[in-house]
Amino acid sequence: MKKTGRVFVVAGPSGAGKDTLIRRVLRDAPGVHYAVSATTRVPRKGEVHGKDYYFLGEEEFDRLLERGEFLELEEVYGNRYGTLKSEVEDAVSSGRDVLVEVDVKGALTVRSKLDGALLIFIMPPSIEELESRLRKRGTDPESEIKTRTGIAPWEIETGESVFDVVIVNRDVDEAADELAGVLRGEKV
Ligand code: 5GP
């Protein structure tokens with residue numbers, strides 16, 4: 001029987017360090033395909049269309065939605081984000097592992113649709129640390145930081161109770177090693 005790839009779903013509160021960890025780990029795991037999401041959010045400085053996200057207008061996003069192209073989608077902090085079926089299914093059916101980065105609700109949807117998806121939660125050391133990281137990042141206004149940290153307690157509770165793996169991002173090198181180990185199938 002032909003080998004199909006595994007699906008790794010990474011979620012966690014904004015500011016927990018998901019992007020940094022994912023970037024590091026994928027550098028050393030060229031066999032893992034990163035599923036680029038579509039979003040209606042405007043690009044931040046340095047973000048590249050097709051690499052970080054597919055940055056779409058509301059109408060383009062609606063068109064994909066009508067065509068049934070999303071595996072899941074959510075409104076997160078006022079913008080729409082969605083995982084494209086094509087980004088996941090093409091790789092998986094050709095035997096490649098796929099890493100999907102979504103919010104916590106999106107992760108639960110992926111699990112309900114794809115049997116065997118492994119849910120990985122990136123946990124900040126504390127809510128205070130989360131807030132301080134978001135401030136240092138300097139990409140979001142104060143109101144946005146409050147929105148992002150406001151939902152974090154629920155996200156953390158859900159991560160602890162229903163995700164398959166929880167990685168505490170206290171030290172980025174250690175957390176990246178842990179995530180790399182999970183992708184290699186060494187944990188769980
Ligand atoms: P950001 O705007 O900071 O890049 O992402 C905001 C949030 O949206 C993060 O929690 C991120 O994980 C989530 N997100 C990114 N892509 C997707 C997606 O395709 N689906 C869902 N449900 N959430 C996503």
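In listed order, ligands and their atoms are each counted from 1. Predicted model, so just to flag it, every value in this text is computed and none were measured.
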Any ion pair linking E131 and K146 (charged N to carboxylate O, less than 4.0 Å)?
yes
Which atom pairs, one a donor and one an acceptor, fall under 3.5 Å between side chains of residues 72-84 and the rest of the protein, sequence neighbours left out?
from : atom 1 : to  : atom 2 : distance (Å)
E72  : OE2    : T83 : N      : 3.2
E72  : OE2    : T83 : OG1    : 2.5
R80  : NE     : E58 : OE1    : 3.4
R80  : NH1    : D62 : OD1    : 3.0
R80  : NH2    : E58 : O      : 3.4
R80  : NH2    : E58 : OE1    : 2.6
R80  : NH2    : D62 : OD1    : 3.1
Y81  : OH     : R41 : NE     : 3.3

Identify all side-chain donor-acceptor contacts of residues 7-22 below 3.5 Å with residues at least two apart in sequence or on another chain.
from : atom 1 : to   : atom 2 : distance (Å)
S14  : OG     : R148 : NH1    : 2.8
K18  : NZ     : G12  : O      : 2.9

Can a salt bridge be assigned to the pair R44 and D52 using a cut-off of 4.0 Å between side-chain N and carboxylate O?
no
Any salt bridge linking R135 with E142? Criterion: basic side-chain nitrogen under 4.0 Å from a carboxylate oxygen.
yes
According to side-chain contact (heavy atoms from CB on, under 4.5 Å), who are the partners of P30, at least two apart in sequence or on a separate chain?
none
Distance under 4.0 Å, heavy atoms only, partner ligand 1: which residues pass?
K18, S37, R41, R44, Y53, E72, E74, V76, Y77, Y81, G82, T83, E101, V102, D103, G106, R148
